[in-house]
Structures are given as structure tokens and as C-alpha cells.
Amino acid sequence: LCSNNNPYASFGATLARDEEQNLWSTPHDVTHTEADDDRVLYNMIVVRNQLDKDSEEWQKLNYDIYTLRQTRKEVRSRWKHILEDLGFQKEADSLLSVTKLSIISDSQNMSKARDILLKLLEETNIFPTSWELSERYLFVVDRLIALDAADEFFKMASAVYPKRPGGDRADEGPRAPQS
């Protein structure tokens, strides 16, 4: 009964650890790609886990971690909304999925993808004001270029999430496209 060979002994701890290591949005994602923004979140989790749960520092870090995860989910939701409006209802999730196996389809697209991503950041409200670009969306834009849908995506993002001077907020909902 007390054998160290029990494969179920740490089952709960493994699940908890998997959940904490899932820094993007899908629990137990074995193909998770770690990016710079993931390292920031991971470091916050490590520091929080070393603190006493009743402390003010723990509560603040816990709130910051929750806020960052919610912001990521909101950004992903905005992208999914636009993809679905462009007719990619069934493909939206797979277009947004970035794993260790994801590659840029054509190295010549890298520059164009980066330019479109920067344009989305500067000219739309699809990302919150404080958002630091994630390389995940570089892969998504590359896929849109390959599908010849990147320009339409940008136009739709500009219409649905227009940049408003001084008033752009991450928590504003989608706007109907202006025709």
C-alpha cells in the first residue's frame, strides 16, 4: 500500500500541475507552444505558488493571472468572431490553434504576416491597449495569407473593432460592421 510504484499516487497533483502549466486556453494541451507571454504568466504562477494564500501579494498575483488569462480568451474570441463572419465557421478553431508542430507556410509570408499583425495592433481594437504581440497570431495571419483571406480579415477587424482615439478598451464588445 505504501509502495512508491503506485501510478495513481500523484494523479491529483499531476492534474493540478497540468492545469497550471496550461498557459494559453485549452486545459491539458500537450502540444502547447511556449512564447514570451507564456513565460511571463508562468513566472507569475511560480511566484504566486510560493506565497501564503492568505497574503495580499498572493491575492494580487492571483488576480493578475486571472486577468491575463481572461484577456487572452477575449482576444481569441474576437479573432474567432471575425473568422466566423468571414465564413470560417467550421475552421475557426483549427485556424486559431497553434502548437509545437505549427510552421510558417512560406518564409516569404513572414514579413507580410508581421506587417498585417502590426497593422491590426495599431489600427484596430482587436487587441487591448496594453497587449504585447504574441507570436501565436503571426501563425494565424500566415494561415490567412495562405487562404488569401488576410486582407479581408483586416478589413473586418477594422469594421468590427475600430480603433478609437483615447477610448479603446479591451472590454468593449464587437461592433456591427459599417457598410
Side-chain angles (χ1 to χ4, degrees), residues 18-45 64-164 168-178:
D18 285 350
E19 182 64 30
E20 288 300 307
Q21 289 177 349
N22 167 31
L23 303 175
W24 191 236
S25 59
T26 308
H28 313 293
D29 178 8
V30 296
T31 61
H32 174 72
T33 299
E34 185 176 300
D36 288 340
D37 55 336
D38 292 335
R39 286 184 207 93
V40 169
L41 182 55
Y42 177 77
N43 289 334
M44 290 170 63
I45 291 168
D64 291 345
I65 291 165
Y66 172 80
T67 302
L68 183 54
R69 285 180 167 158
Q70 289 305 111
T71 301
R72 288 175 164 192
K73 287 178 183 178
E74 176 63 26
V75 169
R76 186 182 191 285
S77 174
R78 290 175 181 198
W79 279 71
K80 185 174 180 177
H81 170 77
I82 294 171
L83 288 170
E84 289 172 345
D85 283 354
L86 289 174
F88 294 107
Q89 291 87 1
K90 293 182 180 178
E91 301 88 354
D93 287 325
S94 62
L95 285 170
L96 290 170
S97 176
V98 177
T99 69
K100 292 177 183 177
L101 304 175
S102 297
I103 58 169
I104 297 293
S105 65
D106 183 351
S107 60
Q108 293 178 355
N109 287 349
M110 179 65 87
S111 176
K112 184 176 180 181
R114 195 174 310 278
D115 290 345
I116 291 171
L117 196 57
L118 288 171
K119 210 167 136 180
L120 283 165
L121 178 68
E122 295 168 359
E123 298 180 25
T124 73
N125 195 29
I126 196 167
F127 295 112
T129 304
S130 61
W131 184 267
E132 290 187 31
L133 282 181
S134 171
E135 66 183 292
R136 290 179 202 297
Y137 290 101
L138 191 62
F139 285 93
V140 177
V141 173
D142 172 65
R143 292 169 184 166
L144 292 172
I145 291 170
L147 293 169
D148 200 25
D151 292 330
E152 290 81 12
F153 184 91
F154 176 77
K155 289 175 191 170
M156 180 73 73
S158 297
V160 177
Y161 300 103
K163 187 71 134 189
R164 287 178 285 294
D168 53 345
R169 294 176 36 120
D171 59 351
E172 291 179 6
R175 293 185 157 283
Q178 309 271 325

Qualifying salt bridge (charged side-chain N to carboxylate O under 4.0 Å, His left out) pairs with a residue from residues 86-99, counting only residues at least two apart or across chains: R76-D93, K80-D93
For residues Q89 and E84, report the shortest heavy-atom separation together with the two atoms involved. NE2-O, 3.0 Å
Locate the shortest heavy-atom distance separating E122 from K163; write the atom from each residue and the value. O-CE, 3.4 Å
Relative to the ring of F127, is the ring of Y137 parallel (under 30°), tilted (30 to 60°) or perpendicular (over 60°)? perpendicular
For the student: nearest non-hydrogen atoms of D64 and M44, plus distance: CB-CE, 3.3 Å
Closest approach of L138 and R114, non-hydrogen atoms and distance? CD1-N, 3.5 Å
Please examine the side chains of F88 and R143, heavy atoms only from C-beta on, and report whether any two atoms are closer than 4.5 Å. no
With side-chain contact (heavy atoms from CB on, under 4.5 Å) as the test, would you mind laying out the steps for V141 and K112 before giving the verdict? CA-CA 9 Å; V141 173; K112 184 176 180 181; over 6 Å; no
For L144, the option from L83, I116, N109, L86 that meets side-chain contact (heavy atoms from CB on, under 4.5 Å): L83
Quick one, V75 with I126, criterion side-chain contact (heavy atoms from CB on, under 4.5 Å). Give me CA distance, side-chain angles, the key distance, then yes/no. CA-CA 7 Å; V75 169; I126 196 167; 5.6 Å; no
At what distance, to the nearest 0.5 angstrom, does CH2 of W79 lie from CD of E74? 14.0 Å
Show which side-chain atoms of residues 147-159 pair as donor or acceptor with protein atoms under 3.5 Å away, not counting sequence neighbours.
residue: S158; atom: OG; partner: F154; partner atom: O; Å: 2.9

Donor-acceptor pair, side chain of R78 and main chain of N125, under 3.5 angstrom: yes
Which heavy-atom pair separates H81 from Y161 by the least distance, and what is that distance? CD2-OH, 3.8 Å
Just how far is it from atom CD1 of I65 to atom CG of L68, taken to the nearest 0.5 Å? 8.5 Å
Contacts of D115 that satisfy salt bridge (Lys or Arg N to Asp or Glu O under 4.0 Å) - sequence neighbours left out: none
